[in-house]
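Read through the structure below, which is laid out as C-alpha cells, and then see the notes.
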Protein chains: 2
Amino acid sequence: MSIVLLAKNLGLSISTVSRALNGYEDVSAATRERVVLRAKAIGYRPNPSARRLGAGKTLAIGVILPATGSTGQAVDSMYSSLLGGVVTEIEPAGYHLMASMQAKHDAARETALFENFIRGGWVDGLLIVRTRVHDARLELARAAKTPFVTYGRTESDQPYAWVDTDNEKAFHLATTRLLDLGHRRIALVNGPEEYSFAQFRRRGYVRALASRKLKPDPTWMLHGDLTERAGHELCRSLLIRRPAPTAFVCATDSMAFGAIAACREASLSIGSDVSVIGYGNSSLSAFCDPPLTTMEHQVFENGRYVGRALLQLLRKEIQPADVHYLEPVVLVPRKSDGPAPQ
Amino acid sequence: MSIVLLAKNLGLSISTVSRALNGYEDVSAATRERVVLRAKAIGYRPNPSARRLGAGKTLAIGVILPATGSTGQAVDSMYSSLLGGVVTEIEPAGYHLMASMQAKHDAARETALFENFIRGGWVDGLLIVRTRVHDARLELARAAKTPFVTYGRTESDQPYAWVDTDNEKAFHLATTRLLDLGHRRIALVNGPEEYSFAQFRRRGYVRALASRKLKPDPTWMLHGDLTERAGHELCRSLLIRRPAPTAFVCATDSMAFGAIAACREASLSIGSDVSVIGYGNSSLSAFCDPPLTTMEHQVFENGRYVGRALLQLLRKEIQPADVHYLEPVVLVPRKSDGPAPQ
DNA sequence: TTGCTTGACAAAAACCTTTTTGTCCAGCCC
DNA sequence: GGGCTGGACAAAAAGGTTTTTGTCAAGCAA
C-alpha cells in the first residue's frame with residue numbers, strides 16, 4: 001500500500017497526496033480532507049525507510065546507556081524512568097528511541113558506538129547521559145552537527161543543551177541536615193570521580209561543612225561504583241578508622257543500603273549510633289529497615305523535559321543555550337538518620 | 001561520502017562496490033580487498049536510511065517495555081539486563097534496538113504501539129516481553145509476518161519462538177525448601193494473574209504442596225503488582241489471619257522486601273518467626289537484613305539467547321519452533337528463611 | 001570455428017518518499 | 001489585450017542503497 005496506489009485511487013498526483021498528508025499550504029482544504037480520509041480508510045502508512053531517505057531524517061533519537069554493576073550488565077533503573085519520559089514526549093511527534101548499551105569502562109567501544117550512531121546517520125538527535133567532567137561525546141556530537149541534550153552538566157567552552165538535577169544543592173541539604181543533628185564527622189560515599197554529578201555532590205558537601213567552619217577531610221570523601229557492594233566496602237573502610245564517622249551521605253540509595261549493611265555488621269544501630277542518607281528515593285527506600293532518609297527528584301519529568309528540548313532543537317525552534325534546566329531536589333526525611341551520638 | 005564517490009574514487013561501478021562490501025561471491029578477492037581498504041581509508045559508511053530502503057530491511061529490533069510501579073513510570077530493572085544481552089548479540093550483526101514504553105494497563109495504547117511498530121515497517125523483528133496467558137501481540141506479529149521471540153511463554157495453538165525461565169521449577173524448589181524446613185502454612189505472594197509467569201509460579205507452588213499431600217488454599221495465593229508496596233499490603237492482609245502463614249514465597253525480590261517490612265511491623269523476626277523467599281537475586285538481596293534467600297537466573301544470558309534467536313529467525317536459518325529455551329533457575333540460600341516455628 | 005559456460009564487472013531498475021520546479025488557469029490591474 | 005499574481009495541482013528530481021539483469025572476454029568442448 002504505497003503512496004502511488006493511494007494517489008491512483010484518489011486520482012491525484014503523488015506529490016499532492018504527499019503534501020496533503022504533510023500539512024503543506026498549497027493544497028486546498030477540501031482535497032486535504034479527502035486525502036486524509038481515504039488514507040485512513042485504506043490503511044495507508046508511509047514507509048518509514050523511504051520517508052527517512054526522502055526527508056533526510058531518521059526520526060530517531062539515540063541514547064547509549066551506561067551499564068553498571070559488578071558484572072557490568074545492569075543499567076541504573078533511574079534511566080528507565082528517564083527514557084520513559086523522553087518517549088512520552090517524542091513518540092507523539094513521530095520520533096522513536098534507538099537505544100544501545102555500553103559496557104563499563106570501555107572507552108574505545110563507547111567512542112565507536114557513538115561514531116556509529118552519529119556519523120553513520122542512524123539518528124537525528126542524541127541524549128547523552130551520565131556526563132563526565134570532561135566529556136568527549138559532546139565534541140563528537142558537535143563535529144557531526146547532531147543536536148543533543150545532556151542529562152547532567154559538563155565542562156565545555158561552548159554552550160550546550162543540558163538538563164540536570166541540582167546535585168550540589170541536594171548534598172548541601174543532606175549534609176546540613178546532618179550538621180543540624182549535631183554530626184561533625186560526616187563521610188561522603190560518592191560515585192566515580194570522573195562523572196560530573198560526583199563533583200557537584202562533593203561541592204555541596206564541602207560547602208555545607210565550610211559554612212560551619214568545618215574543614216573537609218579528603219580521606220573521608222570516597223568514591224566507588226553506584227552499587228551496594230561499593231557502598232558496603234567504602235563504609236567498612238571508614239568505620240575501622242578512629243575516630244569513625246557518625247554519618248554517611250551516599251551517592252545513591254543502593255550505596256546507602258550497602259553502607260547500612262556495613263554499619264550493621266559493625267553492630268551499629270542505624271539512625272542512632274550512625275546516620276545514613278541516600279539519594280534517589282528508590283521504591284525500596286520506604287520499605288527497608290529503618291526506612292531510608294533520601295533525596296527525591298523527578299526523573300520521569302526530567303525525561304519529558306529532555307524530550308521536549310530535543311524536539312525543539314531538531315526543529316531549530318531553540319538554541320542549545322536555551323536549554324538549561326536545573327531541577328530542584330527535595331529531601332525525604334525518614335528514619336535512617338538521627339541526632340549524633342554524644 | 002556516498003557510494004557514488006567511493007566508486008568513482010576506485011574507478012569501479014557502484015554495483016561492484018556495493019557487492020564487494022556486502023560479501024557477494026561475484027567479485028574477485030583482489031577487488032574486494034581494494035574496496036574494503038579504500039572504504040575504510042576515506043571513512044565511507046553506508047547511509048542506513050538508503051540501505052533500509054534498498055534492502056527492504058530496517059535493521060532494527062523493536063521492543064515495548066512494560067512500565068510498572070505505582071506511578072507507572074518505572075521499568076523492571078530486569079529488562080535492562082535482558083536488553084543488554086540482546087544488544088550484545090545484535091549490534092555486531094548491524095542491528096539496533098528500537099525501544100518504546102507502555103504505560104500500565106493501557107491495552108489500547110499497547111495495541112496501537114504494536115501496530116505502529118510492525119505494520120508501519122519500523123522494525124524487522126520483535127521482542128515480546130512479559131507475556132500474558134492469552135497474548136494478542138503474537139497474533140498481531142504473525143499477521144504482519146514479523147519474526148518475533150517472546151520472553152516468557154503463552155498459550156498459543158501455533159508454534160512460536162520463546163525463551164523463558166523455569167518459573168514452575170523455581171517455585172517448586174522454593175516451596176519444597178520451605179516444606180523441608182517444616183513449614184505447612186506457606187503463602188504465595190504472586191504477580192498479576194494475567195501474566196503467564198504468575199501461572200507457572202503458582203503451578204510450581206501448588207505442585208510442591210500436592211507432593212506432600214497438602215491441599216493448597218486459594219485464599220493464600222494472592223496476586224499483586226511486582227512492587228514493594230504490593231508485597232507489603234498482600235503480606236499484611238495475610239498476617240492478620242488466624243492461623244497466619246509462617247512462610248511467604250514472593251514473585252520478586254521487591255515484593256519480598258515489602259513482605260519483610262510487613263512482617264517486621266508485626267514484630268515477627270525474619271528467618272525464625274517467619275520465612276520469606278524472593279525471586280531475582282537483585283543486587284540488594286545480599287545486603288539487606290537479613291540477607292534474602294532468593295532465586296537466581298541469568299537474565300543477561302537469556303537476552304543473548306534471544307538476540308541470537310532473532311538474528312537466526314531473520315536470516316531464516318531456523319524456524320520459530322526451533323527456539324524453545326527454558327533456563328534452569330538456582331536457589332540462593334541466605335538468611336531470610338529458617339525452620340518453621342513450632 | 002561455433003557454442004556454451006563461467007568469472008568479473010557494469011548498467012539499470014527498484015525501493016518509496018520528500019522536495020523542487022513546473023504548469024495552468026483564473027483573477028486582477030493598467 | 002498584455003502582463004502580473006497567486007492558488008492548486010502535477011511532473012520530475014533527489015535521496016543512496018540493494019538487487020536484478022546485462023555485458024564481455026576468457027576458457028573449454030565439440
Side-chain angles (χ1 to χ4, degrees), chain A residues 1-36 38-39 42-60 94-96 116 119-124 314-316, chain B residues 1-36 38-39 42-60 93-96 119-124 314-316:
Chain A
M1 181 35 58
S2 75
I3 198 173
V4 181
L5 295 180
L6 178 58
K8 210 164 276 176
N9 183 299
L10 281 158
L12 288 170
S13 75
I14 296 173
S15 49
T16 300
V17 173
S18 174
R19 297 179 80 76
L21 292 173
N22 288 313
Y24 280 74
E25 284 305 317
D26 64 351
V27 46
S28 72
T31 304
R32 179 195 318 285
E33 194 182 3
R34 208 160 64 86
V35 171
V36 170
R38 189 71 61 88
I42 63 180
Y44 166 71
R45 293 165 191 263
N47 178 312
S49 301
R51 197 210 272 255
R52 289 191 265 226
L53 182 58
K57 293 175 183 174
T58 65
L59 299 178
Y95 277 85
H96 285 257
N116 186 25
R119 302 219 82 90
W122 284 95
V123 297
D124 294 335
L314 289 170
R315 295 179 190 134
K316 297 193 193 303
Chain B
M1 180 37 57
S2 74
I3 199 173
V4 181
L5 294 181
L6 178 58
K8 212 165 272 176
N9 183 299
L10 281 158
L12 289 170
S13 74
I14 295 171
S15 49
T16 300
V17 172
S18 173
R19 298 180 77 77
L21 291 173
N22 288 314
Y24 280 73
E25 283 307 316
D26 64 350
V27 47
S28 73
T31 305
R32 180 194 315 287
E33 194 182 4
R34 209 160 64 86
V35 171
V36 170
R38 190 70 62 87
I42 63 181
Y44 166 71
R45 293 164 190 264
N47 178 313
S49 300
R51 197 210 273 256
R52 288 191 265 227
L53 182 58
K57 293 174 183 175
T58 65
L59 299 179
Y95 277 84
H96 286 258
R119 300 219 83 91
W122 284 95
V123 296
D124 294 334
L314 289 170
R315 295 180 190 133
K316 299 193 194 299

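What's counted below: heavy atoms across the whole structure, side chains too, no hydrogens, waters or symmetry copies. By convention in this document, chain letters (A, B, ...) are assigned in the order of the sequence lines, proteins followed by strands, and residues within each chain are numbered from 1.
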- prompt: Nearest heavy-atom pair of Pro46(A) and Arg51(A): which atoms, and what distance?
  reply: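 Looks like CG-NH2, 3.1 Å.
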
- request: Please report the closest heavy-atom contact between Ala93(B) and Arg315(B), naming both atoms and the distance.
  value: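 Looking at all heavy atoms of both residues, the shortest contact is CB-NH2, 3.8 Å.
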
With sequence neighbours excluded, residues passing salt bridge (charged side-chain N to carboxylate O under 4.0 Å, His left out) with Arg19(B):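 Residues passing salt bridge (charged side-chain N to carboxylate O under 4.0 Å, His left out) with Arg19(B): Asp26(B).
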
message: Checking Arg52(B) now: which residues fulfil side-chain contact (heavy atoms from CB on, under 4.5 Å) with it, not counting sequence neighbours?
response: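 Scan of Arg52(B) (side-chain contact (heavy atoms from CB on, under 4.5 Å), adjacent residues dropped) gives Ser49(A), Arg52(A), Met98(A), Trp122(A), Pro48(B), Ser49(B), Thr58(B).
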
field: Residue list, side-chain contact (heavy atoms from CB on, under 4.5 Å) with Ile14(B), at least two apart or on another chain
entry: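 Ile14(B) satisfies side-chain contact (heavy atoms from CB on, under 4.5 Å) with Ile3(B), Val4(B), Ala7(B) only.
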
I need the [atom1]-[atom2] distance between [X] and [N], as an integer number of Å.
| X | N | atom1 | atom2 | answer |
| --- | --- | --- | --- | --- |
| Leu59(B) | dC15(C) | CG | P | 18 Å |
| Ile3(A) | dA11(D) | CD1 | P | 14 Å |
| Asn22(B) | dG16(D) | CG | P | 17 Å |

message: Between Arg32(B) and Tyr24(B) (side chain of the first, backbone of the second, donor and acceptor by atom type, cut-off under 3.5 Å), is there such a pair?
response: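 Yes: the side chain of Arg32(B) pairs with the backbone of Tyr24(B).
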
query: Judged by atom type as modelled, is there a donor-acceptor pair below 3.5 Å linking the side chain of Asp124(A) to the main-chain atoms of Leu59(A)?
result: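 Side chain of Asp124(A) to backbone of Leu59(A), a donor-acceptor pair under 3.5 Å: yes, one is there.
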
- prompt: So, is Tyr24(A) near the phosphate of dT18(C), with a side-chain N or O under 4.0 Å from OP1 or OP2?
  reply: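 For dT18(C), neither OP1 nor OP2 has a side-chain N or O of Tyr24(A) closer than 4.0 Å.
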
- prompt: Counting only side-chain N and O atoms of Ser18(A), is one of them less than 4.0 Å from OP1 or OP2 of dT18(C)?
  reply: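 Indeed, a polar side-chain atom of Ser18(A) lies that close.
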
Polar atom pairs (N or O), protein with nucleotides 7-10 of chain C, under 3.5 Å:
residue : atom : partner  : partner atom : Å
dC9(C)  : OP1  : Thr31(B) : OG1          : 2.7
dC9(C)  : OP2  : Ser28(B) : N            : 3.0
dC9(C)  : OP2  : Ser28(B) : OG           : 3.1
dC9(C)  : OP2  : Thr31(B) : OG1          : 3.1
dC9(C)  : N4   : Asp26(B) : OD2          : 3.4
dA10(C) : OP2  : Ser13(B) : N            : 2.8
dA10(C) : OP2  : Ser13(B) : OG           : 3.1
dA10(C) : OP2  : Thr16(B) : OG1          : 2.9
dA10(C) : N7   : Ser15(B) : OG           : 3.3

Positions of residues 47-54 of chain A (non-hydrogen atom under 4.0 Å from DNA chain D), listed by number: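 DNA chain D contact set from residues 47-54 of chain A: Ala50(A), Leu53(A), Gly54(A).
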
field: Residues in side-chain hydrogen bond (donor to acceptor under 3.5 Å, both in side chains) contact with Ser13(A), at least two apart in sequence or another chain
entry: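 side-chain hydrogen bond (donor to acceptor under 3.5 Å, both in side chains) list for Ser13(A), sorted by chain: Ser15(A), Thr16(A).
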
- prompt: Mind checking what makes side-chain hydrogen bond (donor to acceptor under 3.5 Å, both in side chains) contact with Arg38(B), not counting sequence neighbours?
  reply: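 For Arg38(B), the residues satisfying side-chain hydrogen bond (donor to acceptor under 3.5 Å, both in side chains) (neighbours in sequence not counted) are Asn9(B).
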
message: Angle between the two end axes of the helix from dT1(C)-dA30(D) to dC30(C)-dG1(D), five base pairs per end, rounded to 10 degrees?
response: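 Inter-axis angle at the ends, rounded: 60°.
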
CZ-OG distance between Arg45(A) and Ser2(A), expressed to the nearest 0.5 angstrom: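 Result: 15.5 Å between the selected atoms.
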
- request: Measure the shortest side-chain to side-chain distance between Leu21(A) and Tyr44(A) over non-hydrogen atoms and say whether it is less than 4.5 angstrom.
  value: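 Counting from C-beta outward, Leu21(A) and Tyr44(A) do come under 4.5 Å.
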
